[in-house]
Amino acid sequence: MQKSFDLYLQCLETIKAKLPLQVFEFASNENRHNLDSAHSLHDAWLTSLTVKENRHAQRPFEPKPTIEIVLLGPQHDRDIVLSYVNVASYRVEGEPNCFNAADTLHGDVDRHEVRVSENGLIVHEIKFSSRSSIIITCDNFVCTEREYPKPATDADEV
């Protein structure tokens with residue numbers, strides 16, 4: 001992973017000025033790609049994908065599309081939440097997981113990358129082990145985590 005991650009970091013450096021700070025920090029954070037990190041998207045599972053048009057009475061013809069992706073973290077101890085704003089386009093492609101027929105159309109995340117589109121928008125592409133993918137083009141996004149409470153153990157009672 002390290003060689004390909006180093007190349008990815010070099011590419012990110014060339015577009016750093018075009019990215020919001022939190023997007024650059026997310027994209028360049030090794031823990032978001034590291035196979036052994038609880039914060040990694042690698043091996044996380046899709047829990048939900050929600051698309052909202054965000055219309056209201058004062059602005060019914062000017063929706064502000066948002067997307068939220070929730071992933072069960074690779075160590076199953078947290079949700080990793082990706083919230084995209086001012087979505088310009090998105091594509092979700094799902095196909096059966098040839099590596100695990102009992103799995104969903106997505107399976108676990110294999111890799112992800114951030115880049116900048118020709119018109120200067122952020123593109124976040126998530127590729128799954130099943131060859132499925134989610135590609136979102138937007139103005140900005142943030143990543144947050146919701147860690148699950150640790151279950152009590154017998155040692156906690158002593």
Side-chain angles (χ1 to χ4, degrees), residues 1-75 78-97 103-147:
M1 176 194 120
Q2 195 58 47
K3 185 175 180 180
S4 61
F5 186 69
D6 288 343
L7 291 172
Y8 176 61
L9 286 178
Q10 289 174 10
C11 290
L12 283 175
E13 282 296 327
T14 67
I15 61 170
K16 181 178 182 177
K18 298 177 183 177
L19 296 172
L21 179 60
Q22 78 273 4
V23 173
F24 177 78
E25 288 175 348
F26 165 83
S28 62
N29 184 338
E30 187 171 355
N31 284 327
R32 296 293 180 192
H33 303 269
N34 187 322
L35 300 154
D36 298 321
S37 173
H39 308 283
S40 179
L41 272 62
H42 181 80
D43 285 342
W45 292 337
L46 179 68
T47 301
S48 68
L49 182 146
T50 306
V51 178
K52 294 182 181 178
E53 289 292 321
N54 302 307
R55 296 178 192 272
H56 57 75
Q58 290 75 33
R59 196 177 36 71
F61 301 110
E62 297 175 26
K64 299 290 185 185
T66 60
I67 293 178
E68 180 182 84
I69 295 175
V70 179
L71 301 166
L72 175 62
Q75 296 177 9
R78 69 195 65 228
D79 285 333
I80 299 170
V81 182
L82 299 161
S83 301
Y84 304 86
V85 295
N86 293 326
V87 174
S89 68
Y90 65 94
R91 188 169 71 224
V92 179
E93 296 179 354
E95 55 183 84
N97 187 345
D103 208 344
T104 67
L105 293 178
H106 296 95
D108 59 334
V109 174
D110 182 52
R111 63 188 180 280
H112 68 102
E113 71 175 34
V114 171
R115 58 185 182 269
V116 175
S117 70
E118 291 177 9
N119 58 355
L121 295 173
I122 298 165
V123 178
H124 189 208
E125 182 170 7
I126 302 171
K127 296 245 182 210
F128 293 85
S129 59
S130 64
R131 296 186 307 243
S132 296
S133 64
I134 299 172
I135 303 171
I136 299 173
T137 304
C138 61
D139 283 347
N140 201 351
F141 75 91
V142 295
C143 179
T144 57
E145 294 187 6
R146 298 186 297 242
E147 193 168 355

Quiz item: Any donor-acceptor pair under 3.5 Å linking the side chain of His42 with the backbone of Asp36?
Solution: no
Quiz item: Tell me, which pairs form a salt bridge (Lys or Arg N to Asp or Glu O under 4.0 Å) where one or both residues lie in residues 13-22, sequence neighbours left out?
Solution: none
Quiz prompt | Within 6.0 Å of CZ in Phe24, more than 12 heavy atoms from elsewhere | solution = yes
Quiz item: Hey, what do you get for OG (Ser40) to CZ (Arg111), rounding to the nearest 0.5 Å?
Solution: 13.0 Å
Hey, can you pull the donor-acceptor pairs under 3.5 Å for the side chains in residues 62-70, sequence neighbours left out?
from, atom 1, to, atom 2, distance (Å)
Thr66, OG1, Asn54, ND2, 3.0

Practice problem: Rounded to the nearest 0.5 Å, what's the gap from CG on Leu19 to CG on Leu12? Could you check? | Solution: 7.0 Å
Practice problem: Could you tell me the separation between the OG atom of Ser133 and the CG atom of Asp110, rounded to the nearest 0.5 Å? | Solution: 11.5 Å
Quiz item: Does Val51 reach the side chain of Val87, with side-chain heavy atoms less than 4.5 Å apart?
Solution: no
Self-check item: CG on Asp43 to CG on Asp108, rounded to 0.5 Å
Solution: 4.5 Å
Quiz item: Does the side chain of Val123 reach to within under 4.5 Å of the side chain of Val114, using non-hydrogen atoms?
Solution: no
Practice problem: Compare every heavy atom of Asn31 with every heavy atom of Ser37, then report the nearest pair and how far apart it is. | Solution: OG-O, 3.2 Å
Practice problem: Tell me yes or no: between the side chains of Ser130 and Ser132, is some donor less than 3.5 Å from an acceptor? | Solution: yes
Self-check item: salt bridge (charged side-chain N to carboxylate O under 4.0 Å, His left out) partners of Arg32, counting only residues at least two apart
Solution: Glu145
Quiz item: Considering residues at least two apart in sequence or located in another chain, which fulfil the side chain to side chain donor-acceptor pair (under 3.5 Å) criterion with Asn29?
Solution: none
Self-check item: Backbone N/O of Cys138 and side chain of Tyr90: donor-acceptor pair under 3.5 Å
Solution: no
Quiz item: When rounded to the nearest 0.5 angstrom, what is the spacing between CD1 in Ile135 and CD in Glu125?
Solution: 4.0 Å
Practice problem: Could you tell me the separation between the CG atom of Leu71 and the CD1 atom of Ile134, rounded to the nearest 0.5 Å? | Solution: 7.5 Å
Quiz item: Sub-3.5 Å donor-acceptor pair from the side chain of Gln75 to the main-chain atoms of His39, do we have one?
Solution: no
Exercise. State which residues pass side chain to side chain contact (heavy atoms under 4.5 Å, CB included) with Pro20; sequence neighbours excluded, sorted by chain then number.
Key: Gln22, Val23, Ile122, Asn140
Quiz item: Taking the side chain as C-beta and beyond, is there a heavy-atom pair between Ile126 and Leu46 under 4.5 Å?
Solution: no
Quiz prompt | Main-chain N/O of Glu147 paired with Arg78 side-chain donor or acceptor, under 3.5 Å | solution = no
Practice problem: For Phe141, check ring pair (Phe, Tyr, Trp, His ring centres under 6.0 Å) against everything at least two apart and list the hits. | Solution: Phe26, Tyr84, His124
